[in-house]
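Written below as structure tokens is the structure these notes are about.
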Amino acid sequence: MYKHCCLRGLGALLILLAAAGCQPVLRDSNGVRVLGPIRTNETERTVSITTHDPALIARIARRDPDPEARMAAIRQVKDQTLLCGIAETDPETRVQQAAASRLLQPDLRLRVISTHTNALVRLAALDSIRNDAALFDVAMNNTDTLTRRTAVQKIRDQALLARIAADNSQSFIRIAAIEEITDPKVLKEMGRANSDPTVRRTALRLVTDQAFLATLASTDPDRDIRKSAVEALTDQSSLSRLAASDTDPVVRFLAVRKVKNQTILTAIALKDAEAEVRLAAAERLTSEKTLLTLAQTDVSREVRVAAVKRLDPGLLHDVAMNDGSSVVRLAAVGKIRNPDILAQAALEDEDSAVRATAVAKVKDQPFLAIVAREDESSVVRVAATSALTTQSALEDIARTDTDYSVRKAAVNRLADQRVMRDIALADEHRDVRAAAIVRMTDQTLLEQLAGAPNPRVRMLAVGKLKDPKLLARFARTDAFAEVREAAILNLSDQTVIQEAALNDESSAVRCAAIGKLIDLKTLQAIVETDPDPEVRLTAKNRWKWLSP
């Protein structure tokens with residue numbers, strides 16, 4: 001009775017598990033059971049081996065058509081020769097990896113690591129190796145670079161890593177070995193004496209002994225090594241000494257960029273023979289007295305510019321007015337806020353870029369109007385015009401300046417729509433006319449421009465019209481295709497759009513109309529009958545896009 005109750009309870013439990021979503025059996029034969037998901041959109045399966053027969057397990061591992069079944073069997077295989085054969089011959093990489101990862105016999109494991117053509121399988125075989133001597137052999141002799149590097153990353157014996165860093169045939173592997181070394185003595189030896197400069201530099205980046213680095217920075221015959229040593233240095237005393245007195249200007253430059261002592265930086269900025277070194281010092285100075293001296297007296301314009309950039313604007317009057325380099329004056333004017341100095345520079349500087357920079361910062365409208373009308377450089381006049389707000393001056397410049405870029409700058413600041421219409425009709429340069437039309441919103445004036453003899457003016461004006469009747473007229477009757485196209489692009493009337501798509505003589509206009517057409521039958525007719533292949537393709541693509 002008790003046994004019967006237990007069986008009934010077990011049956012009930014199984015029913016509950018099934019109701020909770022247990023996977024149904026998809027396969028249960030020849031020692032393999034596969035459970036699949038209840039929902040068909042799931043892809044996970046559970047594969048298990050149900051036999052204990054070693055021969056059957058071996059047959060599944062070698063020959064079963066399901067790679068997951070082969071992998072499940074491999075997890076129960078102990079025969080090392082069989083595992084090696086599967087690792088070398090199975091058609092699936094993941095199955096090969098599963099077999100390689102279970103290799104315990106050293107000669108077979110090393111065979112796979114040495115000879116397998118797939119790096120992933122080599123790595124799977126390598127993964128279980130813990131013996132540093134075996135890993136060293138792989139790192140030194142394997143033909144695959146990734147396998148060698150992985151072996152290096154698993155080695156902990158510092159002496160073996162040092163041997164790899166010193167003697168490996170590949171620079172990439174030697175560097176990988178250096179990156180795994182933690183022994184300071186080994187790192188210093190590699191940084192001091194390795195035959196490969198790249199390895200030496202890698203080692204130096206990991207060295208923390210400041211005295212050792214300082215010695216290399218000043219004495220090593222290889223400049224790249226000296227540079228790496230300086231870059232690894234943090235000791236301010238050593239850096240200051242190198243920055244102030246090293247014979248190599250590159251070493252001094254690198255050291256200066258890390259020095260914090262303002263007294264030493266001042267001395268270097270004022271006295272070093274190399275402009276690049278003085279520049280590096282100037283960029284770290286805080287003394288305005290020293291910076292002003294540099295800005296006024298250094299022979300290098302780059303140093304003077306660096307000093308100017310760090311100075312208070314109130315100290316830059318003399319530099320802005322008198323420096324012999326326009327680059328330095330430009331840097332000074334760019335920082336100055338004093339309106340009188342800016343005005344003086346805008347009027348007097350011989351360089352147009354300096355004058356333009358100065359005038360762009362001026363607020364005085366009468367002064368700007370004078371410069372905008374009278375400066376000989378169009379660049380300066382554009383800068384002055386772009387800062388103007390006085391409409392009468394802007395109108396005069398827009399109508400009379402000899403340079404189109406200045407007239408365009410004036411148009412871009414105008415507010416009077418009628419003046420813009422007149423310029424759109426009369427200016428000789430198309431960019432000025434276009435700038436005027438782009439800024440117009442008055443529909444009456446735009447309608448007037450739409451009747452202009454110049455087709456480009458008409459096109460721009462039509463492109464801004466809103467009246468559908470006017471747009472339809474231009475789309476049907478204008479002699480120029482660009483104007484008709486502009487009208488079509490502004491229209492929503494399907495009747496007019498259909499007419500243009502079917503009948504306009506210009507393929508560009510027909511394509512523009514097709515892009516707004518919604519009638520599928522008309523599009524199909526165009527695909528079948530239009531003589532232009534580009535038009536037919538446009539219609540075909542539009543038809544596809546609109547089709548349900």
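Residue numbers run from 1 in the order of the sequence given. What's counted below: heavy atoms across the whole structure, side chains too, no hydrogens, waters or symmetry copies. Predicted, not measured: the structure shown is a model, and the values here were computed from it.
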So Arg201 and Asp224, do their side chains get closer than 4.5 Å, heavy atoms only? yes

If we ignore angles and hydrogens, is there a donor and acceptor under 3.5 Å between the side chains of Asn194 and Arg174? no

For Arg223, check side chain to side chain contact (heavy atoms under 4.5 Å, CB included) against everything at least two apart and list the hits. Arg226, Lys227, Asp248, Val250

Could you check whether Ser171 and Asp196, counting side-chain N and O atoms only, form a donor-acceptor pair closer than 3.5 Å? yes

Looking at residues at least two apart in the chain, or sitting in another chain, which of them share a ring pair (Phe, Tyr, Trp, His ring centres under 6.0 Å) with His317? none

Test of understanding: with salt bridge (Lys or Arg N to Asp or Glu O under 4.0 Å), list the residues that count as partners of Asp422, not counting sequence neighbours. Arg399

Those residues that, when tested against Asp349, pass salt bridge (Lys or Arg N to Asp or Glu O under 4.0 Å) (two or more places apart): Arg329

We want to know whether Thr202 and Glu179 form a side-chain donor-acceptor pair, criterion being a heavy-atom distance below 3.5 angstrom. no

State which residues pass salt bridge (Lys or Arg N to Asp or Glu O under 4.0 Å) with Arg458; sequence neighbours excluded, sorted by chain then number. Asp478

Tell me whether Asp442 is salt-bridged to Arg421, with the criterion being a basic N under 4.0 Å from an acidic carboxylate O. no

I'd like to know if the side chain of Arg407 and the backbone of Ile397 have a donor-acceptor N/O pair within less than 3.5 Å. no

Indicate whether the side chain of Thr286 and that of Gln262 have a donor and an acceptor atom separated by less than 3.5 Å. yes

Got Asp312 and Glu288 here, is their nearest side-chain heavy-atom distance under 4.5 Å? yes

Salt bridge (Lys or Arg N to Asp or Glu O under 4.0 Å) against Arg373, all qualifying residues, sequence neighbours excluded: Asp396

